[in-house]
Amino acid sequence: MSVMAVLAFAGFLTTGAFRDPARQTGRVFLAIPVGAFIYMVMALLSLLTVGRVDPRVALGATALIGLGLAVVISSRREWRRDDAGMGLALIALTLGGVAVNHIFPMARLTEDSMQNLYLSLQFQLPGALELISPPPLVSRQLGLASLHALSSLTGLRYVPSLGTLFGLSTIGLFCWITYKAGPSTRWRVWLVGATAAFLLSGNRFLYSWFYINSHVQVAAYLLISLVAAWLAMTRSWTWAPLSGMGLAALLLFRPDSPLIVGMVMVVIASLLPENRTALWIATPPLVVGFSWLGLILFRYSEFAGVISLASPVFSGILVVLSGTVALISVRWGFFRQVARYYGLILVAGMAVALVGATLMFPTTALASARATVLNTIGGYWFTTWWVAVALGLVAFFVHRIPYGRLWTQAITAMALLYWLLPLLRDGAYRLGPGDSGVRILIHFLPVVTTFLVLAVTDFPRVEEASYEGLQFSSRVRARTRKVAISARVSEESGQN
């Protein structure tokens, strides 16, 4: 409990340092993922400086960062009355996650789980990078292994509540953003509640809460990166650092994460964010990507020193750099004119690549399609994705979401990536719940479900503002009233 409490309150205080997030109850559900991200960065720094992950040092540094931010918030006199209530809610969330796993031990371990836990032990050895076999560095990554290294402080072999707390944070963030985005009515409560039940009915998503693997963490950080980016465009730029943290955290979990991160960065760039928004989103993944991909994986993994697009490490570095350049270039001369089309160019390029790869590897494409259809009908997904896809196709054409391209283009790119991955590796998806295709769908489900609820939300019809960011709530209404009053005054003056 004490270990997870440190992560929770470090994340809570970090979100409190940004003005708009600090005022939102969604801060409670961001706390654990943000605190875990800070800890993983400290673990990465420990690995870079002393050659091993020391969970005591990393957790201690995380706690010190939280205390430092508490001092900063106090010096600004920005503590609020509802901070105590949100702190109590966070305690309840953390206690609940820990208690569920203590009373009902539901953790599930597979061969993949054991490899992650073995890697967490290896990372703690002196000279870890020289001792670890190169392939696991790419296939297993640092994120999950470093988090479960905290078990050495508890006397356990892994942290049982880690997945459950990330799952609760994901479903809580989903409920918060979908409820707050619409009018506070009984109809809205039923809509969000029913959709949350639909999200949890996806057997594989709920299973990932107790499965010792990285899927629920990837789902959480992907949702955070998109929700925070959307809020940075529609409410306040102070959400941008949280989007950057979510993208940076993704780079520490899976070998295909750089592709997802790069896609999201390009789509965000097409929304023409203002300079500080773009910089805050781009900086965390650039720094983490350079540190993990460039300084460690490019030196110690099985693709060490390989300069080739066939290398997931080298290509991952290029993709993250490309996403960073895309975000920064929205203010550069010629690029300023074409930046709004970045997302369309990305989706079109991926579609062409998919067609070409399918023609090159038709057997792999057909086998993957067959496995996906059977896994989403008779497998543990049941009909979740068939319902989501059917509703999503309608939502693409009827939604009125401000800056909705963030959702539609990101989801389209994710769908194309899903079908591209088996072709890029020339290894088809297969039947069964352990298939990588089944597990990839876990990552995308919260994002798709969030889009479905936002799509039926009655947002006011306003034009997207280039570089300024759209305030679709009180600010838009105030501006609309001001324009209407001015027009009426002008009309009356003309009549007189």
Side-chain angles (χ1 to χ4, degrees), residues 29 32-33 36-37 40 97 100-101 106-117 119-120 136 138-148 158-174 198-226 246-261 263-264 312 371-372 375-376 379-382 384-385 388 411 414-415 417-418 421-422 425 429-430 432-450:
F29 308 113
I32 290 170
F37 168 72
M40 288 187 292
V100 164
N101 285 273
M106 292 184 286
R108 293 293 179 266
L109 291 93
T110 63
E111 181 181 349
D112 288 344
S113 307
M114 300 308 295
Q115 291 180 17
N116 282 308
L117 297 180
L119 186 61
S120 74
V138 172
S139 61
R140 302 299 162 193
Q141 305 276 312
L142 173 68
L144 190 69
S146 66
L147 288 169
H148 280 293
Y158 57 90
V159 183
S161 60
L162 183 66
T164 304
L165 288 171
F166 266 88
L168 291 171
S169 297
T170 304
I171 199 71
L173 180 63
F174 161 80
F198 170 77
L199 179 58
L200 291 173
S201 71
N203 177 281
R204 294 297 86 187
F205 176 66
L206 187 59
Y207 176 82
S208 70
W209 294 24
F210 306 98
Y211 175 34
I212 307 301
N213 214 317
S214 61
H215 304 301
V216 69
Q217 284 81 22
V218 173
Y221 285 120
L222 182 57
L223 181 63
I224 288 170
S225 63
L226 286 170
L247 292 171
L250 286 171
L251 295 174
L252 299 174
F253 282 100
R254 288 180 59 85
D256 55 7
S257 290
L259 297 175
I260 298 175
V261 171
M263 292 186 322
V264 172
T372 297
N375 284 334
T376 53
Y380 287 103
W381 276 119
F382 301 110
T384 299
W385 273 103
I411 290 172
M414 291 174 196
L417 180 64
Y418 173 85
L421 283 175
R425 68 186 186 187
Y429 294 138
R430 56 186 174 81
D435 170 51
S436 60
V438 171
R439 293 182 286 170
I440 288 172
L441 292 176
I442 295 171
H443 310 158
F444 300 157
L445 184 62
V447 171
V448 172
T449 311
T450 300

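Residue numbers start at 1 and run along the sequence shown.
- The structure places CG of Leu417 at 6.5 Å from CG of Asp256, a figure rounded to the nearest 0.5 Å.
- Residues Asp112 and Arg439 are paired through a salt bridge, judged by an N-O separation under 4.0 Å between the basic side chain and the carboxylate.
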Exercise for the section: Kindly indicate, with the supporting measurements, whether the criterion side chain to side chain donor-acceptor pair (under 3.5 Å) is fulfilled by Arg425 and Ser436. Expected result: CA-CA 12 Å; Arg425 68 186 186 187; Ser436 60; 3.0 Å; yes
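- Between Val100 and Met106, the shortest heavy-atom distance links the atoms CG1-CE, 3.9 Å.
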Review point. Hey, mind stepping through His148 and Ile212 against side-chain contact (heavy atoms from CB on, under 4.5 Å) and telling me if it holds?
Key: CA-CA 9 Å; His148 280 293; Ile212 307 301; 3.6 Å; yes
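- A donor and an acceptor atom, one from each side chain of Thr164 and Asn101, are located under 3.5 Å apart.
- Partners of Ser139 according to the side-chain hydrogen bond (donor to acceptor under 3.5 Å, both in side chains) rule, which considers only residues two or more places apart in sequence or in another chain, do not exist here.
- Across every non-hydrogen atom of Phe253 and Leu144, the tightest pair is CE2-N, 3.5 Å.
- The shortest distance between side-chain heavy atoms of Pro422 and Tyr429 falls below 4.5 Å.
- The aromatic ring centres of Phe166 and Tyr221 sit less than 6.0 Å apart.
- Between Thr170 and Ala220 the shortest heavy-atom distance is OG1-CB, 3.2 Å.
- Of all non-hydrogen atoms in Met40 and Ala249, the two that sit nearest each other are CE-CB, 4.2 Å.
- Closest approach of Leu250 and Val218 over heavy atoms only: CD2-O, 3.6 Å.
- Nearest heavy-atom pair across Thr376 and Trp381 is CA-CB, 4.1 Å.
- Separation of atoms CG (Leu117) and CG (Leu109) is listed at 6.0 Å; rounding is to 0.5 Å.
- Using a 4.5 Å heavy-atom threshold, the side chains of Arg254 and Ile440 count as touching.
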* Can you list the steps and then say if Tyr211 with Val216 is a side-chain contact (heavy atoms from CB on, under 4.5 Å)? -> CA-CA 9 Å; Tyr211 175 34; Val216 69; over 6 Å; no
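- For the pair Asp435 (side chain) and Ala371 (backbone), a donor-acceptor distance under 3.5 Å is absent.
- In this structure, Ser113 OG and Asn213 CG are separated by 5.5 Å, a value rounded to the nearest 0.5 Å.
- A distance of 4.5 Å separates CG of Leu441 from OH of Tyr418, quoted to the nearest 0.5 Å.
- Heavy-atom contacts from other residues, nucleotides or ligands closer than 6.0 Å to CE of Met114 number 12 or fewer.
- The structure places CG of Leu252 at 7.0 Å from OG of Ser146, a figure rounded to the nearest 0.5 Å.
- You'll find the side chain of Ile171 reaches within 4.5 Å of the side chain of Leu200, heavy atoms only.
- Side-chain atoms of Arg140 and Gln115 include a donor-acceptor pair closer than 3.5 Å.
- Residues Tyr158 and Ser120 have side chains that never bring a donor and an acceptor to within less than 3.5 angstrom of each other.
- The distance from the OH atom of Tyr207 to the NE2 atom of His215 is 9.5 Å, given to the nearest 0.5 Å.
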